[in-house]
Amino acid sequence: EKVQFILVQSSAASRLIYLMAGEVAAAEVTGVKNLSSAEAAAEEEKLRLLREAVHALPVNAVKDLWSIGACVRCIFRLFGLHELMCSHPSLSISKWCDILEDVMRKKDGEFNEQSHQERSRETNFCKICLGILQFLYYDDTGTLVKKYSADDFAVVISEPVKQQYQQIESFSLEVSLPSAVTENDQAVWLYMKNKYRHELWFQEKAECQFISTKDILKLLVINPSQRLLGVKSTQSSFRVRLTYSHSDALSRDDVQEGNGGNKRRKTGFTGDLKTTGESVTPHVESFDSHIVDGDGLTKVCPKEAQDLSCNNLMAQLDKVGKPCSLTIHCCRSSTYIGGRYLKYSRNVSQTRWVIDDERMGEASVEEIIGGAILPIFQGDNYKFHAAGREDIDVRMLGTGRPFLVEIQNARQVPSEALIKEIEKKINSLESQYVQVKNLRAVGSQGWDLMREGEAEKQKQYAALVWISRPVSDEDLQTISSLKELKVAQKTPIRVLHRRSPLEREKTIHWMQVERVSGSSQYLLLHLCTQAGTYIKEFVHGDFGRTQPSIGSILGCRTEILQLDVTDVKMDCFQEE
């Protein structure tokens with residue numbers, strides 16, 4: 001059980017209780033947690049090295065940082081002790097205070113010991129990092145939360161991952177901080193440089209390194225998080241983002257931007273957010289002329305800020321009076337399922353089609369396929385992408401049309417066998433409007449497969465055509481003899497309201513014609529065309545906007561009654 005501190009009147013008694021707490025914390029590290037003798041010895045050696053490093057710190061500078069409200073982790077990072085600090089993720093912040101104060105007191109008997117109880121209150125947050133390195137924050141419910149060690153905070157990070165995502169191979173940790181934290185880092189560093197730049201300890205070590213709040217936070221929690229999740233942190237399609245925000249800081253940002261201040265990159269975290277590739281290696285910065293802001297951007301330091309007095313520093317640090325709010329968001333980059341679909345109905349659109357709140361058609365390919373895939377993947381949403389489209393009254397036959405379903409933030413990644421079950425489920429639907437084939441999981445390279453040959457792909461069609469006079473053998477011969485026919489098509493009237501009024505040249509590679517038995521004015525037209533050709537307009541001419549057309553070639557009126565796509569010649573998602 002944790003020791004509960006009791007505030008007593010006697011300073012000697014208070015000191016005794018304080019030392020007992022330090023001994024308990026040390027015991028937690030060196031023996032109680034079922035450590036082997038070798039492990040305990042290793043921990044003791046780490047603590048010895050830590051004490052030696054702390055012993056080398058300048059007392060006057062440590063006292064200075066205490067006085068301005070710095071937490072112990074900020075003090076350690078400002079002196080470049082981040083590696084030692086990150087090697088002890090199980091140590092609580094009270095233990096860090098014990099070590100620092102104990103060493104400082106031995107060096108300077110007049111070291112001003114603040115009340116341990118006062119410093120450890122949850123509301124007493126660091127003026128520099130705004131509680132971030134103390135693991136002190138407001139959660140989504142507005143409750144003030146404090147975690148005592150990096151290990152404890154890593155549990156908070158890992159819990160939503162374990163609860164929502166059963167399969168991850170790695171993760172990328174991203175951190176977003178309000179600009180107030182960066183401004184505080186900058187102000188404290190400039191203050192220290194102005195005051196201690198002539199001292200040897202500053203010139204030898206502190207002058208060459210500065211670890212930002214953002215980077216030290218990542219360093220503190222990355223290893224414990226890796227242990228808890230059982231996977232490595234690297235550039236990954238699965239991202240865990242810690243977003244710290246502050247109402248006071250936001251209002252100041254608005255004022256700054258309104259006055260023409262530095263513009264900062266927007267970093268909204270959506271299902272389609274791209275990986276920033278942030279490394280867990282600390283970002284070492286010299287703050288002579290610039291600073292890295294909360295989004296990882298370089299920010300120029302104004303010349304007039306180079307000379308910062310203690311009063312000015314305190315005014316800067318007192319601008320924000322409470323800890324930040326923290327939101328933890330987990331997101332997997334889009335997962336793609338590819339295949340080919342066949343559409344057998346002339347009353348099913350490719351995507352959901354609504355006009356004036358009225359649905360067009362009985363269903364859509366998008367909803368039938370996406371609706372079957374999304375629940376299995378437990379994603380937030382999905383997007384449907386296809387290699388071209390057919391009109392609602394056009395069937396898609398033959399080998400089918402290539403498509404991709406993009407699942408956003410999938411919490412499950414089904415096996416190949418389960419994906420085949422999804423294919424069977426779609427194909428066994430009672431409506432039989434749509435079927436799929438060759439369904440498979442693909443990476444982002446699915447886009448490359450879709451784009452390969454996109455401009456060069458050919459499509460084959462079968463059209464039932466009516467002409468205003470009887471069909472002759474000469475008509476059949478005339479049409480079938482045309483090869484690589486160049487056609488100029490202006491944007492069809494039927495789509496002119498949503499597409500640019502352009503003229504496009506397309507190629508009709510070949511055509512074959514069959515008579516329809518029992519009628520002299522109907523024919524079945526088979527043709528292979530360049531992708532993007534408007535087939536309906538090629539048949540009837542669109543009031544002369546397509547030249548030549550079947551009507552102009554035959555010298556009579558022609559109308560298209562039915563149209564089927566019989567083949568989309570692309571290599572992607574074929575039978576393996």
- Message: Please tell me whether S170 and S236 have a donor and an acceptor in their side chains that are separated by less than 3.5 angstrom.
- Response: yes

- Task: Kindly compute the distance separating CZ (F153) from CG (L136), expressed to the nearest 0.5 Å.
- Result: 10.5 Å

- Message: In terms of relative ring orientation, are Y341 and F384 parallel, tilted or perpendicular, with 30° and 60° separating the classes?
- Response: tilted

- Does K486 NZ have over 12 foreign heavy atoms under 6.0 Å away? yes

- Query: Is the closest side-chain donor-acceptor distance between D152 and S149 under 3.5 Å?
  - Reply: yes

- Message: Please determine whether the number of non-hydrogen atoms from other residues, nucleotides or ligands lying under 6.0 Å from atom CD of E484 exceeds 12.
- Response: yes

- Item | Expected output: side-chain K343 to main-chain V348 donor-acceptor under 3.5 Å | yes

- Message: With a 4.5 Å cut-off on side-chain heavy atoms, are L482 and I553 touching?
- Response: yes

- Would you kindly say whether Q226 and S233 are connected by a side-chain donor-acceptor distance under 3.5 Å? no

- Between R395 and D564, is there a salt bridge with N-O shorter than 4.0 Å? yes

- Thinking salt bridges, do R494 and D391 make one under a 4.0 Å N-O criterion? yes

- Partner of Y344 under side-chain contact (heavy atoms from CB on, under 4.5 Å), picked from Q432, Q435, M396, is Q435

- Message: Testing the 3.5 Å rule here: is there a donor-acceptor pair between the side chains of H526 and Q460?
- Response: no

- What distance separates N427 CG from I422 CD1, expressed to the nearest 0.5 Å? 12.0 Å

- Message: Under a 3.5 Å threshold, yes or no: a donor from one side chain and an acceptor from the other, between H509 and Q530?
- Response: no

- Atom NZ of K147: over 12 foreign heavy atoms under 6.0 Å: no

- Message: Check this for me: does any side-chain nitrogen of one of R515 and D475 sit under 4.0 Å from a carboxylate oxygen of the other?
- Response: no

- Under 3.5 Å, is there a donor-acceptor pair linking the side chains of D185 and S212? no

- Query: Do any N or O atoms from the side chain of Q547 and from the backbone of V487 form a donor-acceptor pair under 3.5 angstrom?
  - Reply: no

- Note on the structure: salt bridge (Lys or Arg N to Asp or Glu O under 4.0 Å) pairs touching residues 497-506, sequence neighbours excluded, are none

- Query: Quick one: do R545 and E537 make a salt bridge, cutoff under 4.0 Å?
  - Reply: no

- Look at D542 together with K536 and state whether they make a salt bridge at an N to O cut-off of under 4.0 Å. no

- Could you tell me which residues satisfy side chain to side chain donor-acceptor pair (under 3.5 Å) with R359, sequence neighbours excluded, listed by chain and number? E367

- Message: Can you tell me if K425 has over 12 outside heavy atoms packed within less than 6.0 Å of its NZ?
- Response: no

- Query: Hey, does R440 have a side-chain heavy atom less than 4.5 Å from the side chain of V442?
  - Reply: yes

- Query: Checking salt bridge (Lys or Arg N to Asp or Glu O under 4.0 Å) for the pair K437/E423: CA distance, chi angles, key distance, verdict?
  - Reply: CA-CA 7 Å; K437 58 196 301 186; E423 180 175 319; over 6 Å; no

- Query: Should the heavy atoms of other residues, nucleotides or ligands under 6.0 Å from CZ of R352 be counted, would the total exceed 12?
  - Reply: no

- So which pairs with a foot in residues 153-170 pass salt bridge (Lys or Arg N to Asp or Glu O under 4.0 Å), sequence neighbours left out? none

